[in-house]
Amino acid sequence: MTEALRSHVRALRAESGEKFDAALDTCKTLLQNVLEQPDEAKFRTIRLGNAAFHQRLGQFPSGIALLRSLGFEDANAADGSPGGDGLPAYLALPVADA
């Protein structure tokens, strides 16, 4: 694990308190789904407005930072529109070049 990842995980632990295990498990599940089915776009895209995601991981800025450090990027809706308040609607993991 790189120092940047360690730093994000430590920040998530400090920020999430007793919700840390659930937050980290959510991150692990997201990554595991991508690794198991890399061609499935639904596993490479996270809707930031999803209530379950927000409750488990998305409410923590350090959780979003952790996902970004793992390669997820800000993305808008299919029609190009951002989410609420002009923020990105999604995080998306681009398909890796072979």
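Just so you know, residue 1 is the first one in the sequence shown, and it goes up from there.
Atom OH in Tyr90 sits 13.5 Å away from atom CG in Asp74 (nearest 0.5 Å). With rounding to the nearest 0.5 Å, the separation of CZ in Arg10 from CG in Leu5 is 10.5 Å. For the atom pair CD (Gln32) and CD (Gln37), the distance works out to 11.0 Å, reported to the nearest 0.5 Å. Atom CG of residue Leu93 and atom CG of residue Leu31 lie 8.0 Å apart, to the nearest 0.5 angstrom. Distance CD1/Ile46 to CG/Asn50: 9.5 Å, rounded to 0.5 Å. In this structure, CG in Leu66 is found 13.0 Å from CZ in Arg6, a value given to the nearest 0.5 Å.
Between the side chain of Thr29 and the backbone N or O of Asp25, at least one donor-acceptor pair lies under 3.5 Å. With hydrogens and angles disregarded, no donor-acceptor distance shorter than 3.5 Å links the side chain of Glu15 to the backbone of Phe60.
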Working for side chain to side chain contact (heavy atoms under 4.5 Å, CB included), residues Leu35 and Phe43: CA-CA 9 Å; Leu35 290 171; Phe43 292 128; over 6 Å; no
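Between Ser16 and Leu12, the closest heavy-atom pair is OG-O, 2.6 Å. The two residues Phe53 and Leu30 make their nearest non-hydrogen contact at CE1-CD1, 4.1 Å. In terms of heavy-atom proximity, Cys27 sits nearest to Leu70 at SG-CD1, 3.8 Å.
A salt bridge is absent between Glu73 and Arg44; no separation between the charged side-chain nitrogens and carboxylate oxygens falls under 4.0 Å.
In the displayed structure, Gln55 atom CD is contacted under 6.0 Å by at most 12 heavy atoms of other residues, nucleotides or ligands.
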